[in-house]
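Here the structure comes first, spelled out in structure tokens, and everything after it is commentary.
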Amino acid sequence: MINYISTRDPGHKVSSSEAILKGQAPDGGLYIPESMDQIKKDYHEIINNDFKGMARAVWSIFFDDYSSDKIEELVERSYTGKFSSDEITPLVKTGREGAYVLELYHGPTSAFKDVALSALPNLMTAARSMNDFSDDILILTATSGDTGSAALHGFSDVPGTGIIVFYPYGGVSDTQRLQMVTAPGSNTRAVAVRGNFDDAQTGVKQLFRDIPQPKAGVSLSSANSINIGRLVPQIVYYFSAYRQLLDMGAITDGDMVDYIVPTGNFGDIMAGYFAKKMGLPVGRLVCASNKNDVLAEFLETGHYNRKRPFHKTTSPSMDILVSSNLERLLYYVCGADHALGYMKELSENGEYTISSEELAEIRSLFTGLYASDEEGAAAIKEEFESDHYLMDTHTAIAWSCMNKYRDSEEGKDAAAYVVLSTASPYKFSRAVLEAIGEDASGTDRENMEKLHKITGAPVPAGLAGVFDREVRHEDVIKTDEMRSYVVENC
Ligand SMILES: *Cc1c(COP(=O)(O)O)cnc(C)c1O
């Protein structure tokens with residue numbers, strides 16, 4: 001069986017279902033498989049399947065204390081009837097030679113978070129009964145915009161669970177906000193925090209340490225990508241993309257494929273790292289950041305420095321200065337002692353520098369690049385005009401980074417370039433309209449309709465209805481009120 005250890009204490013070991021239940025280790029670390037050897041597999045055995053089959057194969061490796069019947073049942077429940085594409089994550093060939101877009105946003109809330117958050121509540125309820133866990137689970141989640149609605153949707157009315165989502169006041173698009181404040185479910189709450197995403201995330205992490213049981217019979221857990229149950233379902237679409245490239249005849253078996261990932265909390269790209277370690281022919285992973293370029297600088301210099309201005313950009317889900325999942329990579333590359341030291345430096349001084357050997361190892365697989373709002377907007381316009389392909393502002397950052405990457409020595413000659421597309425363009429109608437040179441002074445609703453008229457692409461049902469639903473969650477709190485809010489509302 002695979003042991004899951006804490007990145008801050010390799011002596012602390014739990015099963016996969018316990019790791020999913022807890023979300024975060026008691027010492028503040030993140031759960032990871034103890035050894036990479038145990039996840040290696042001939043990738044042909046995984047890709048020789050449809051999406052659900054690939055999910056079964058990947059989940060069975062990582063979640064090895066769930067029975068195979070259980071996994072099959074959970075995969076069915078997670079992906080049947082929830083996505084508007086049969087492929088779940090379809091790959092689209094673009095007008096640019098060698099470039100493909102992996103559309104991850106065909107789920108209920110139109111962002112890639114749905115791929116994992118359709119699964120997590122099912123994994124968690126199963127973990128509860130497997131471990132004879134009698135407490136109800138209260139999910140606390142900080143969101144930069146998209147996790148919130150996907151998590152509220154996923155956990156809505158799931159027995160034995162409740163969820164509170166904290167989002168930055170004024171830090172999300174109007175559509176994103178409406179998706180959260182109109183979320184259904186008698187066990188759901190969305191609350192605005194006066195601060196940015198990092199403040200909300202730090203607050204939530206602190207609550208896990210301070211009040212793991214906010215009252216008798218209730219235990220906290222997490223739906224953020226710090227939960228390993230969020231990360232593993234995301235590994236599946238790296239395999240799915242490879243399979244679709246083979247089906248299109250775009251690559252031959254064994255070719256190295258590069259993936260370009262619009263990055264915030266480093267979760268999505270960390271899933272790509274696991275895919276590579278499992279044995280998928282991944283060439284390089286390009287970590288694409290927006291103007292909050294802390295990761296691009298880190299991957300260039302080895303110096304992580306969160307003491308910098310926080311920029312609000314048109315790709316708000318990537319407006320993050322402390323990328324939690326990097327801790328997992330540091331553990332594998334730098335070892336337990338160094339990783340722990342760096343995390344300590346980060347919390348005490350706001351910065352740390354890894355050794356040049358460690359940096360070299362990370363750079364043998366990762367490239368860090370960033371693009372500005374203007375560069376992203378130019379990418380949206382260019383792809384729309386030349387190819388009639390419309391992408392959202394987050395995908396556009398990755399697209400722009402792909403262009404820079406392909407101009408560089410290291411990025412010249414991959415067999416294919418897969419840009420992960422993390423949200424529907426309709427979720428960010430205003431910025432997308434502006435990018436293609438249209439007037440966007442209307443309301444979000446008007447902008448969405450206008451974008452539809454121009455492009456002809458259908459508006460996802462979940463987004464179209466958001467303006468007519470009743471607002472159910474109106475609370476606004478300060479960061480230092482998060483604790484009392486949780487205690488009162490659990
Ligand atoms: C969450 C999100 C990202 C960033 O993903 P991470 O796993 O946090 O790196 C990028 N784009 C969109 C649209 C998102 O919702």
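Every heavy atom of this structure was used, including side-chain atoms; hydrogens, water molecules and symmetry mates were not. Counting convention: from 1, in listed order, for ligands and their atoms alike.
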Polar side chain donor-acceptor pair, T202 to Q206, under 3.5 angstrom: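 There is no such pair between these side chains.
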Pairing donors with acceptors under 3.5 angstrom, does anything connect the side chains of R230 and N227?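 Per modelled atom types, R230 and N227 side chains form no pair under 3.5 Å.
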I'd like the atom pairs linking ligand 1 to the protein - N or O on both sides, separation under 3.5 Å - with distances to 0.1 Å.
{"unit_1": "ligand 1", "atom_1": "7 (O)", "unit_2": "G267", "atom_2": "N", "d": "3.2"}
{"unit_1": "ligand 1", "atom_1": "7 (O)", "unit_2": "D268", "atom_2": "N", "d": "2.9"}
{"unit_1": "ligand 1", "atom_1": "8 (O)", "unit_2": "N265", "atom_2": "N", "d": "2.8"}
{"unit_1": "ligand 1", "atom_1": "9 (O)", "unit_2": "G264", "atom_2": "N", "d": "2.8"}
{"unit_1": "ligand 1", "atom_1": "9 (O)", "unit_2": "N265", "atom_2": "N", "d": "3.1"}
{"unit_1": "ligand 1", "atom_1": "9 (O)", "unit_2": "F266", "atom_2": "N", "d": "3.1"}
{"unit_1": "ligand 1", "atom_1": "11 (N)", "unit_2": "T422", "atom_2": "OG1", "d": "2.8"}
{"unit_1": "ligand 1", "atom_1": "15 (O)", "unit_2": "K113", "atom_2": "NZ", "d": "2.6"}
{"unit_1": "ligand 1", "atom_1": "15 (O)", "unit_2": "D146", "atom_2": "OD2", "d": "2.5"}

So, are E385 and K381 salt-bridged, with charged N and O less than 4.0 Å apart?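 Here E385 pairs with K381 in a salt bridge, since their nearest N and O are under 4.0 Å apart.
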Lys/Arg-Asp/Glu bridge criterion (N-O < 4.0 Å) met for D319, K312: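 Judged by the 4.0 Å cut-off on N to carboxylate O distance, D319 and K312 do not form a salt bridge.
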Are F62 and F274 an aromatic pair, judged by ring center distance below 6.0 Å?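 Yes, the ring of F274 comes within the 6.0 Å limit of the ring of F62, centre to centre.
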Main-chain N/O of V261 paired to T263 side chain as donor or acceptor, under 3.5 Å: yes
